[in-house]
Amino acid sequence: MNEPFRDPELPLARRVADLRDRLTLEEKIGLLHQYQRPVERLGLGPFRTGTEALHGLAWLGPATVFPQAVGLASTWDPDLVRRVGEATSDEVLAFHHKDPSGAGLNVWAPVVNPLRDPRWGRNEEGYSEDPWLTGVMATAYASGLRGSDPTVLKTAPTLKHFLGYNNETDRCVTSSDLPPRVLREYELPAYRPALESGAAVAVMPSYNLVNGRPAHLSPLIAEVLRAWAPDDLLVVSDAYAPANLTGLQGYHDDLPEAYAHAVRAGLDSFTQDDDRPEATLGHLRAALERGLLTEADVDAAVRHTLSVRFRLGEFDPATPYDDITEAVVNCPEHQSLAREAARRSIVLLRNDGVLPLDASVRRIAVIGQLGDTLMEDWYSGTLPYAVTARAGLAERCETVFCEAVDRITLSVEGLDGRHVVADPDGGPLGVGDEPGLFDLFDWGGGCYALRAVATGRHLSVDDDGVLVNDQPGPNGWEVRQTFRTEDRPRGALALRHISTGRYLALDGEVFRLADDADAAAWLTVERVVSGAEAAATLAATADVAVVVVGDHPLVNGRETEDRLDLALPAAQQAVVRAVREANRRTVMVISSGYPVTWDGDDPPAVLWSSHGGQEYGHALAEVLFGDADPEGRLTQTWYRSACELPDLLDYDIIASDATYQYFRGTPLYPFGHGLGYTTFDYADLAVSVQGGTLTASVTVTNTGSREGVEVVQIYTRQRSSRVKQALRRLRGFVKVRLAPGESTRVDWGLDVAELAFWDVTRSRFVVEDAPHKLMVGGSSRDIRLCAPFHVDGERVPPRDALAGPIAAVDHDEYDSVTFVDAARVSGDAVRSTAEGAWIVFRSVDLGDGAASCAAVATGEEGGVLTLRLDDPLYGPVVGDLPVPRAGRHDLTEVRTGLAAARGVHDLYVVFENAGITVASLSFDASPGVGASPGVGASLSVGASPGFGASPGVGASPSFGETG
C-alpha cells in the first residue's frame, strides 16, 4: 500500500492529516470511544485505550508487582522510578503482542494528584503532597513507560486525574474549590513537567467538579494542558464519567448536549459502557445533527487520537519494540528491580539502637496479621509469587510466627446457646451445638473480617445475600468480606455488612442478610485466644520481635471510600504494646499506603513502607540486617492526629495551613524524614544570586562508622511578600552515598523565575523584590544550615480599580464563600454560603474617586452586596448593589453610585444574603446613567442560551441553556 500515512519518512502531521482525510464522518465518530472501531478498507485496526500500569501491569494476570506509587516516590530516586516504568512497559508490550485486544498500549498511569490529604482513599496511587516532587516522579515513571526512542512510543502514558481530586466521598458530585493561587501554585505544577517533556502524551480528567464545573468540561484542558504539550495530547474520560454530566452531576439536560460540550472542551475518547460504543456514538451523531458539534470539532479529536496511534508505530513497517516477548514478564531482571525498589523505598522512622540487627540475633519472632501475607491493591498486578516478611527473615535466621489475631466463637442468643458454625466445604454458615472457631481481623475504623478456622477461608456474602466462607480474604471491587459491629443489650452484638449496609440475620438454619435492624441476629462473642497475649508469649522467646502492622488496601480506605482517621487498628496497636512489654528489642514495621498514627510510646525501632510488591520480604530483611542503609524518605507529612487536618473537601491549602508547606504544628514525622544507620554533618553553605540563577553549595560529611545514604534537601522561604507565603517549599534534592569519613560538595541551582507566585491582581506569575531564606538539611524540619539571599524582582502595585473589570475569584481572602462556574464553558465566580460572607481585595487604588461600581451577579433569592472599605463589619459603606433573583448562570450587571470612594483601600464585598453569585466588579470615575449611591439600576446583559457566557467571563456558542 502506498498511502502517504504509511510512509514513516513523512512528517507526523502530514501522515495524520492524510489518514484523517480518508475517513468518512461516520468512521471518524467511531474513533471517539474507548474501543475504537476498525476501518478495514484502510487497514485501520481496532484500538483500545486504558491498560492499567500504576506500579506494574495490572488486571491481566501474573506480572511483576513493584511497590505502590507512594512507595516508589519514597526512594527519592527518579532514575529508579524510570527503570520501574521501563520494566512495566516491557511487560505491557509482551501482553500486547500476545493479545492486542486485551492489552492496549495507551496506559493509564501515572497518577499526579498531589497528596494534599492523607485520608484520601487513593493515597497510595500518588507520589507526594509536594507538587514539584510529584512532577519529578511522574515524569520519571512516564519516561520509562514511553521508552527511549525519540520518535516511537513504547506505550502512551496518561496522566490522571485532572483536576483537584483528593476525595472519594461523593466524588462525582462534590466540587473542589481552587482559588487562583492554589490552582496555579499547587495543582497545575504537578502536571506540567511530564507533559512539557513529552514523557506523557495523554490526560484523564477526574470525576469531580472544579469550581462548580465538571472536570471533564474544564477549559483548562485546552487553555493550559494542550499549550504545555509539544505534540497532540490525547484526552480520555474516566470510566462512566461522561454519563455523569446528565446523571449525578445534572450539568446538562441530555447526553448529545453534554457530549458535544465535552468534545469541544477537549475530550477525545469516551470511556463509557465498557466495550459497547453504540450508545455513545449515537449521542455524538445526534449532537452533529442538532448543530451542537461540527465535523471540524470531530476532526480535532480524531487528530489527537490518531497522533498517539502513529507515535506508537502502528502504521510503520516495524518498531524498535517488536521483539519484546513473554519472556520479559517477571523475568529475573524485573524480580531484581522489584527487590531493589522495595528495599530503597523503606523509611526508617525511629531507631533507638535496635537496628541494624547483628550476628547475635539467632531467633526472630515475626508477629502480626501482615507478617506472613502480601497485599494486592485495586491497581496492582497479580503477584506471581510472594516473599512475605516472615519468608524473607526465615532465610536469615530462625523465625517463629504468630498472626496475633483474636480467635473467637459466636453464639446465637435465643437458641439455647447454639453457635455459628462454618460449612467445611465453604458453603452457607449455619448453627450447631459445638462452637465454630473464627479468627477476627481488625482493619481499623470499626471494620472487621472473619476467617473460619475449619476452612481457612473468610466469611463473605454471596449474590443471594447468604453468608458463606469461601474467600481467601477481602477482595474485588465490591468488597463483601467486611462487617461492622453494633451493640445490643446484655453484651450482645449484631453484624452489619459494610458494602450493603444490611444485617446478618438467621433464616431458618442459614445466615442471610436482612434490611431491618430488628431482624438482625444477636450474637455473643467469646474470645478463645487473645492475639495480643499469644504474641507477647512468643515475643518473649525471641532475640528480636518484628511486628508487622498496617492496612488492607481494599478495606477502610480505597477507591470510592475515604478514611475517617489515620489511626492504626486498635487491635494491632494492642499487639504492639503487648509485644513491646514482653521484648524490649521490638521493631514495628508499618506496611500501608498512607501515613498512620498510634497511641502510647514508640517502639524502639519503627519502619514504614508502602505495600512493597512481590520482593517485600527480601527487601525488609536486607534493611533490618543492615545489608543496605535505609534510603527511603517520607513524601508526606505524618500528622499526630486527623484533628490537625482541615476538612477533607477544603482544597485551599494556603488558607487552611495544609501540607508541609503551610502547616504550623509539630508533625509526628515531617515531610522528607527518614533515618539511616550513620550520621551526616553539613558545613560551608554558600548561596548566591547571579544572572537570574540561584546557586547553592554545601559540604556533606559522613560522620558515622559505616557507609550510608543521605538525601540532601533544599528548601526556600520568601520572608516578606504582599501575600501569604509558604513556610518552606522543596526546591531540589541530591542523593549522596558516602563512606565513613568521606565528604562531598553538593552543588545545586535554580532559575530565579521558579520563585514566582501567582499574582491575582494581574493574573500572572511574579517574582517579588524580596528577601528569602535557603534551608538545607535532612528533612523539612531537620534543617542543618540556612542562608539569606535577596531577589531583585518587582513590587506588586495596588490594584487599579479603574483599569478594567476585577474578577471576583481574584480576591485576596474570603469568608463563607464557595467557588462556582460563572458560565458553562468558561469563567469562575464566587457564591456566598451564609449571610455576611465576604471577599476582600487588598490595596485597591480608587484613584481620585470612583463614582460608580457595576457587578456581574445573580442570586438564588436575590439580595444585596455591600461595598465596605478596610473592614467587613465596621468599615465605611461606599455602596450597595441590589442583586436580582435569577437562575444559576443568568448573571446580570447591577450598578450603583459610590460615596467617598478614593485613594488606596482594602475593598470588602459583603454578601448580605446567602446564595449570591458574583463574577466580576467594574469601577468607573463617572456615575452610571440613572445610578446613585445606594440605588442600583439593573441592566440585563448576555443572558444568552447555551453553555452560556456572562459579561466579563468569556463568550460561548449557543448550546441550549438548562438553567
Side-chain angles (χ1 to χ4, degrees), residues 54-55 69-85 107-116 120 122-146 157-166 178 181-206 220-221 224-230 233 633-637 651 653 659-661 671-672 711 713-716 726 728-735 748-751 753-758 765 780:
L54 183 60
H55 54 108
V70 70
L72 291 175
S74 299
T75 66
W76 290 63
D77 190 327
D79 182 66
L80 173 61
V81 174
R82 179 196 59 78
R83 288 189 283 131
V84 171
V107 293
W108 286 356
V111 170
V112 293
N113 300 105
L115 302 179
R116 170 191 61 91
W120 183 32
R122 304 178 73 170
N123 189 85
E124 73 276 359
E125 295 183 37
Y127 292 116
S128 172
E129 70 186 55
D130 182 82
W132 178 82
L133 185 58
T134 294
V136 168
M137 295 303 174
T139 301
Y141 192 69
S143 296
L145 289 173
R146 81 168 305 284
T158 303
L159 302 184
K160 59 180 192 177
H161 316 78
F162 187 79
L163 173 75
Y165 175 42
N166 283 129
L178 299 182
R181 284 192 63 202
V182 176
L183 172 68
R184 301 286 177 169
E185 297 175 27
Y186 188 72
E187 291 286 346
L188 287 177
Y191 296 83
R192 185 170 188 167
L195 292 177
E196 279 194 333
S197 65
V201 299
V203 170
M204 175 192 287
S206 51
L220 296 171
I221 293 171
V224 176
L225 300 186
R226 287 208 156 103
W228 285 340
L233 183 71
R633 301 294 186 267
L634 297 180
T635 64
Q636 287 183 272
T637 302
Y651 280 74
I653 68 162
T659 80
Y660 83 96
Q661 294 185 0
F671 174 87
V711 180
Q713 301 167 40
I714 301 101
Y715 299 84
T716 67
R728 57 196 73 83
R729 182 167 293 167
L730 181 69
R731 298 297 186 179
F733 64 90
V734 179
K735 201 167 187 178
W748 168 85
L750 180 74
D751 189 331
E754 296 299 315
L755 300 175
F757 68 90
W758 185 257
F765 278 102
S780 60

Q.
Give me the atom names and distance for the closest heavy-atom approach of Ala194 to Ser197.
A. O-OG, 3.3 Å

Q. With no hydrogens and no angle check, is any side-chain donor or acceptor of Tyr191 less than 3.5 Å from a backbone partner on Leu159?
A. no

Q) Just checking, is any N or O donor in the side chain of Arg122 or Tyr165 under 3.5 Å from an acceptor N or O on the other one? A) yes

Q) Is Arg116 close enough and on-axis enough to Tyr651, meaning under 6.0 Å and within 45°, for cation-pi? A) yes

**Q.** Least distance between heavy atoms, Ile221 atom then Pro205 atom
**A.** CD1-CG, 4.2 Å

Q | Leu730 CG to Phe671 CZ distance, which is reported to the nearest 0.5 Å | A | 5.0 Å

Q | Residue pair Ala69 / Glu125: nearest heavy atoms and the distance that separates them | A | CB-O, 3.3 Å

**Q.** Side-chain (Arg184) to main-chain (Phe765) donor-acceptor, under 3.5 angstrom
**A.** no

Q | 4.5 Å side-chain heavy-atom contact, Pro157 and Val201 | A | yes

Q | Lys160 side chain reached by Ser206 side chain, heavy atoms, under 4.5 Å | A | no

(Q) Pair Trp228, Leu188 - check side-chain contact (heavy atoms from CB on, under 4.5 Å), show working. (A) CA-CA 11 Å; Trp228 285 340; Leu188 287 177; 3.8 Å; yes

Q. Which value, rounded to the nearest 0.5 Å, describes the distance between Arg633 atom CZ and Leu133 atom CG?
A. 13.0 Å

(Q) Contact between Leu183 and Leu220 at the side-chain level, heavy atoms closer than 4.5 Å - yes or no? (A) yes

Q.
Using 0.5 Å steps for rounding, measure from the CZ atom of Arg729 to the CD1 atom of Ile714.
A. 15.5 Å

Q. Which atom pair, heavy atoms only, marks the closest approach of Pro78 to Ala140?
A. O-CB, 3.2 Å

Q: For the residue pair Tyr127 and Asn113, confirm or rule out a side-chain donor-acceptor distance under 3.5 Å.
A: no

**Q.** Side-chain touch Gln661/Glu185, heavy atoms, less than 4.5 angstrom
**A.** no

Q.
Would you compute the distance between atom OG1 of Thr139 and atom CZ of Arg192 and round it to the nearest 0.5 angstrom?
A. 12.0 Å

Q. Atom CZ in Arg146, atom OH in Tyr141: separation rounded to 0.5 Å?
A. 15.5 Å

Q) Which atom names give the shortest non-hydrogen contact between Thr75 and Leu72, and what distance separates them? A) OG1-O, 2.6 Å

**Q.** Side-chain heavy atoms of Val70 within contact of Thr635, under 4.5 Å
**A.** yes

Q | Polar side-chain atom of Thr134 near backbone of Ser128 as donor-acceptor pair, under 3.5 Å | A | yes

Q | Val203 vs Leu195 side-chain heavy atoms within contact, under 4.5 Å | A | yes

Q) Quick check: does any side chain N or O of Arg731 sit under 3.5 Å from a backbone N or O of Glu754, one acting as donor and the other as acceptor? A) yes

Q: State, to 0.1 Å, how close Tyr186 and Pro114 come at their nearest heavy-atom pair, and which atoms those are.
A: OH-CB, 3.4 Å

Q. Does any N or O in the side chain of Trp76 come within less than 3.5 Å of the main-chain N or O of Val711, such that one atom is a donor and the other an acceptor?
A. no

Q. Does the pair Glu129 and Ile653 meet the rule for a side-chain contact (heavy atoms from CB on, under 4.5 Å), with working shown?
A. CA-CA 11 Å; Glu129 70 186 55; Ile653 68 162; over 6 Å; no

Q: May I ask you to decide if Val107's main-chain N or O and Thr158's side chain share a donor-acceptor pair within less than 3.5 Å?
A: yes

Q: Kindly say whether Tyr660 contributes a backbone atom to a donor-acceptor pair with the side chain of Arg728 at under 3.5 angstrom?
A: yes

Q: Can you measure from CD (Gln713) to CH2 (Trp748) and round to the nearest 0.5 angstrom?
A: 13.0 Å

Q) Do the non-hydrogen side-chain atoms of Leu755 and Leu750 ever get within less than 4.5 Å of each other? A) yes

